[in-house]
Structure formats: C-alpha cells, structure tokens
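Only one structure is covered here, and it is reproduced in the block below.
Quick note: numbers below take in every heavy atom, side chains included, and nothing from hydrogens, waters or symmetry partners.
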Amino acid sequence: TRIPLDGTVEKGESSADEAMLTGESLPVDKLPGSRVISGSVNQQGTLHVRVTHVGEETTLSRIIRFVQQAQERKAPIAGLADRVAGIFVPAVIIIALLASAAWLIAGKDLSFAVRILTAVLVIACPCAMGLATPTAIVVGTGLGASRGILIRNGEALETTHGAQVVIFDKTGTLTQGRPSLADTIALQGDADALTSLAALAEEASQHPLAEAFTRRAKKLGARPRGLQVTRFENVTGRGIRATFSDGRTMVLGNAAFMEEMGMDPAPLSAKAQAFAGLGHTAIYAALDGQLAGLFSVADQVKPNAALAVQELKDMGIRTLLLTGDGQAAARAIGSQVGVDEVIASVLPEGKAAVVERFRQQGYTVLMVGDGINDSPALAAADVGCAIGNGSDIAMEVADLVLMKSDVQDVPRAIRLSRLTIRNIKQNLFWAFFYNIIGIPVAAGLLYLLGGPLMNPMLAGLAMSLSSICVVGNALRLRRAKL
C-alpha cells in the first residue's frame with residue numbers, strides 16, 4: 001500500500017520501500033515515532049500514522065518542485081554559453097555573407113554563392129551549443145534525485161563542484177542525534193542484567209537520557225519478568241531513585257547524587273573521567289545502597305561519518321565541525337570522524353558568522369546541517385546542504401537536500417557536480433570544435449584546394465550529428481558512479 005501523506009507512526013510496526021524517494025534499495029523499518037514519507041510503499045503490517053504534511057508540503061511534492069526548479073533555472077555556465085552564442089550567431093552570418101560574396105567576385109555564379117551561403121548557415125546552426133548546458137543539467141539533477149540528492153537549481157549544481165571548505169553541524173548530522181548507551185561497567189554480575197534494571201527504573205523518567213536505556217533494553221530483549229517499579233523519585237539535576245516490586249532499590253545519577261545517597265563513587269571515578277574526556281555523560285548505578293556500575297551515554301557518531309570526511313579530504317577539501325556543544329564533546333566527535341578543525345560553543349548566529357568569515361577569506365563554503373539553529377549558516381554559505389530528516393526550515397533554506405540523511409552523500413553530491421560541469425565543458429568544446437572545422441569546409445576551403453564542395457544537405461546532416469553527440473555525451477552521466 002502506498003503511503004499517501006507525510007506523517008509520524010503512532011502505533012504499529014512495519015517496513016517501507018522508500019527507493020523511489022531516497023534511492024535506498026532495502027526496506028526501512030517503521031516503529032512508533034518513525035517518520036513516513038508520502039509516495040513510499042508499506043511492505044507489511046498496519047501503521048497508525050499522524051499526518052504532519054499535506055498537499056504541496058509533502059516530501060514528494062517538494063522533490064518534484066526541487067527538480068522542476070533545478071531544470072528550469074540556468075546555471076552561470078549556461079549564461080556564458082548564451083553570451084558566446086550571442087556573438088557567434090552574428091559572426092556566422094557575416095562569415096556566410098563574406099564567403100558567398102568572395103565566390104561571386106572570384107567568378108562563380110549566383111547559385112554557387114547561394115549554395116555556399118546555405119551550407120555555412122546550416123552547418124553552423126548553434127543547436128549543439130544550445131543543448132550543451134541544459135541537457136547536462138537535466139540529466140545531472142535527475143541522477144541526483146534518483147540517488148536521494150535533491151538539487152534546488154542549476155546555480156547550486158555548478159557552485160557545489162568548487163567547494164573548498166565543508167562545514168558540518170554535529171548533532172543529527174555527524175551523529176545520530178539521540179543519546180545511546182556507549183558502554184556499561186558492572187562491578188558485580190552481568191552488565192546486561194544491570195542495563196535491564198536501569199531501563200525498568202528509567203521508564204517513568206521524562207529525561208532525554210532515559211531513552212538510551214529503554215532502547216538498549218529493547219535491543220537486548222531482557223526485561224526482568226514480573227518485576228515492576230512500585231516507587232519512583234526524580235531528583236532534578238541529580239538522578240532518579242526507584243524501588244522495585246521485589247524490594248530492591250536502584251539509584252541512577254551523577255557522582256554528587258551518589259554521595260548524597262551515602263555511597264562513595266571513587267572506585268569508578270577514573271572511568272567516569274575517561275568517559276567525560278570523550279564527551280560522554282557518565283551515570284553511576286547503585287543497588288540496595290551499594291555501588292553497582294557505571295553507564296556511559298553519548299550521541300553516537302553515524303557509521304559512515306568518518307568515511308565521508310575522509311573522502312572529502314581525499315578530494316582536497318578542508319573539513320570543519322561547527323557546533324553549539326561544549327569543547328569536550330565536540331573535540332571527541334571531531335577526533336572520531338577526523339575533521340581538520342573543531343569550533344565549539346557557537347550560537348546559531350555565530351555559526352553564520354563563521355561561514356561568512358571563511359567566505360571573506362576567499363573559500364567556497366558548503367555547510368551541512370539539519371536543525372533550525374543551522375538555518376542562518378545554511379543561508380550564509382555558498383551552498384547549504386540539509387539532512388533529509390532535519391527540520392523543514394533547514395530544508396527550505398538549503399540548496400541541496402540529502403533525502404537518505406547519509407553524510408556520505410555530501411562527497412557524492414560534490415562528485416555529481418564535478419561530473420556534470422565536466423560534461424558541460426566537454427559538450428561546449430565539441431560544439432565549438434565542430435564549428436571550427438565545419439564552417440571553413442562549408443565555405444568552400446576544400447573546393448579551393450581541389451576537393452569537393454559541401455552539399456547543404458550534408459551540412460544539415462553534420463549539424464544534426466553534432467547535436468546527437470552532445471546529447472549522447474550528456475546522457476552518459478546516467479551511468480556515472482557516485
């Protein structure tokens with residue numbers, strides 16, 4: 001069943017085929033809280049979806065609008081071709097008139113001169129030049145859309161190929177954007193059992209870090225049988241205390257909370273400091289008044305983030321991490337993914353200022369982000385690139401949208417731009433090269449040297465073949481590997 005509108009799953013479990021929209025060949029699991037996209041196909045199961053976007057605001061409608069805009073608006077290089085054609089056409093007319101007049105002066109009759117005039121005008125018809133740029137842009141933007149890379153216009157497609165600095169936001173861009181358990185240390189017993197107890201205790205908590213425990217417990221599938229929380233207390237800024245139905249008491253929180261509860265966190269303080277140095281949040285656990293273990297909660301780096309950064313560096317592009325998070329967390333993530341520079345503790349307006357600073361230094365800047373707070377920087381950059389699962393404002397401001405939310409699509413988008421611009425230059429070269437060879441022959445150069453005179457019908461055939469060559473060269477882009 002095709003999903004008609006964008007929304008969020010409230011009940012049910014299934015998977016959806018989003019290949020038409022994102023290029024992702026494998027079905028994507030859909031659970032409560034998952035986002036569904038209009039135009040994708042529900043594979044099995046029943047989903048209860050709360051609609052979030054309708055009509056022109058659905059993802060499918062925006063994709064169609066993006067592609068139409070990209071194919072309708074000219075890239076700057078197309079303007080160059082137009083300016084050259086504006087000079088070329090009058091020049092060809094003058095050459096045709098001069099060539100026919102020269103043959104008349106040389107003693108040829110009027111029919112001979114008209115034949116020369118016709119051949120020059122026909123063979124120099126600038127169809128190939130007119131097709132060189134728009135055909136490549138249409139194919140390039142279509143290829144991007146089929147791979148989940150939406151390009152707003154031809155100008156963005158051209159500018160992207162010259163990116164010299166790529167600036168990444170951290171949360172939701174290089175990282176998953178949600179906390180998860182990075183490590184568990186149990187002083188006694190099984191770490192998975194301790195995690196399951198912690199998840200049960202955290203079920204009543206509204207704290208964002210609680211989700212990390214519940215997600216890990218679901219993955220482990222090890223919920224304590226018959227055990228329930230009979231008493232729960234949330235101490236703001238410190239932690240939680242829960243009493244289970246079997247009489248045991250669990251305390252989860254920071255070192256200060258452990259000390260308040262009469263427990264010494266010293267045995268695990270060194271590990272906690274090590275976690276903090278990685279930018280993780282350390283959460284102590286205690287059972288029945290005894291220190292039981294330590295949890296490390298962090299926003300995990302996306303699996304292919306480091307590979308994406310390395311690809312950009314191999315392309316000669318400088319990479320930066322720009323975030324509002326603290327220095328420790330930012331530097332830890334920056335070290336994991338391998339960016340050249342980390343700039344932390346920056347407010348939204350400060351992000352735009354950093355982008356502008358690099359632009360003033362002469363760099364072409366591509367900014368990658370996902371949130372409302374990234375929108376000023378996306379707008380300030382030469383090319384703004386939004387992650388597909390980010391905010392609507394970020395996607396409206398951006399020049400590129402990565403529908404698969406895969407940061408590896410950033411180097412792919414740059415490669416697509418480079419391939420398209422190279423294809424346009426090839427098309428323009430062959431269009432001009434063809435005219436440089438064809439016009440003298442049509443004007444009678446070979447006849448002057450004792451060879452044949454070009455028939456206007458052959459000139460028309462040659463002109464058609466040049467257009468076919470340009471279109472064929474542009475269509476080669478469809479087989480490009482990004």
#### Entry: Atom CZ of R478: over 12 foreign heavy atoms under 6.0 Å
no
### Task
Kindly write out the residues that satisfy side-chain contact (heavy atoms from CB on, under 4.5 Å) with I93, not counting sequence neighbours, or none if the list is empty.
V89, L97, L121
### Message
Do D399 and I151 make a side-chain contact, defined as non-hydrogen atoms from C-beta onward lying under 4.5 Å apart?
### Response
no
### Task
Look at the rings of W103 and Y447 and say which category their plane angle falls in: under 30° parallel, 30 to 60° tilted, over 60° perpendicular.
perpendicular
### Query
Do I137 and I424 come close enough that some side-chain heavy atom pair is under 4.5 Å?
yes
### Summary
salt bridge (Lys or Arg N to Asp or Glu O under 4.0 Å) filter on R422, not counting sequence neighbours, yields none
### Chi angles and distances behind the side chain to side chain contact (heavy atoms under 4.5 Å, CB included) call for L307, E311
CA-CA 6 Å; L307 182 58; E311 285 185 28; 3.8 Å; yes
### Task
Determine the sole option in L475, V139, N473, L428 for which the side chain to side chain contact (heavy atoms under 4.5 Å, CB included) test with N423 is passed.
N473
### Task
Please say which of I333, T323, V407 ends up in a side chain to side chain contact (heavy atoms under 4.5 Å, CB included) with T175.
I333
### Message
Less than 4.5 Å apart, side chain to side chain, heavy atoms only: is that true for S111 and V114?
### Response
no
### Message
A side-chain contact here means heavy atoms from C-beta on lying under 4.5 Å apart; do I167 and Y363 qualify?
### Response
no
### Query
Taking the side chain from K30 and the backbone from R35, do they hold a donor-acceptor pair closer than 3.5 Å?
yes
## Note on the structure
Rounding to 0.5 Å, atoms CZ (F295) and OG1 (T281) come to a distance of 14.0 Å
### Task
Answer yes or no: is there a donor N or O on one side and an acceptor on the other, between the side chain of T141 and the main chain of V138, under 3.5 Å?
yes
#### Entry: Side chain proximity check, R318 to E341, heavy atoms < 4.5 angstrom
yes
### Query
So, do K302 and L174 sit near enough that their side-chain heavy atoms are less than 4.5 Å apart?
no
#### Entry: Derivation and outcome, side chain to side chain contact (heavy atoms under 4.5 Å, CB included), residues T8 and V36
CA-CA 6 Å; T8 303; V36 293; over 6 Å; no
### Message
Apply side chain to side chain contact (heavy atoms under 4.5 Å, CB included) to residues D409 and R147 and explain how you reach the verdict.
### Response
CA-CA 9 Å; D409 280 341; R147 305 293 174 85; over 6 Å; no
### Query
Are the side chain of S335 and the backbone of A332 linked by a donor-acceptor contact shorter than 3.5 Å?
no
### Task
Determine the minimum heavy-atom distance between A308 and Q408, stating which atoms define it.
CB-CA, 3.7 Å
### Query
Is the closest side-chain heavy-atom distance between V337 and L321 below 4.5 Å?
no
### Task
Report yes if the side chains of I3 and I37 come closer than 4.5 Å at any heavy-atom pair, otherwise no.
no
Expected list for residues 450-462: side-chain donor-acceptor pairs under 3.5 angstrom, two or more places apart:
from	atom 1	to	atom 2	distance (Å)
N455	OD1	M457	N	2.8

#### Entry: Side-chain donor or acceptor of T364 paired with backbone N/O of Q164 under 3.5 Å
no
## Note on the structure
Minimal heavy-atom distance between T319 and G338, with the atoms involved, is OG1-O, 4.4 Å
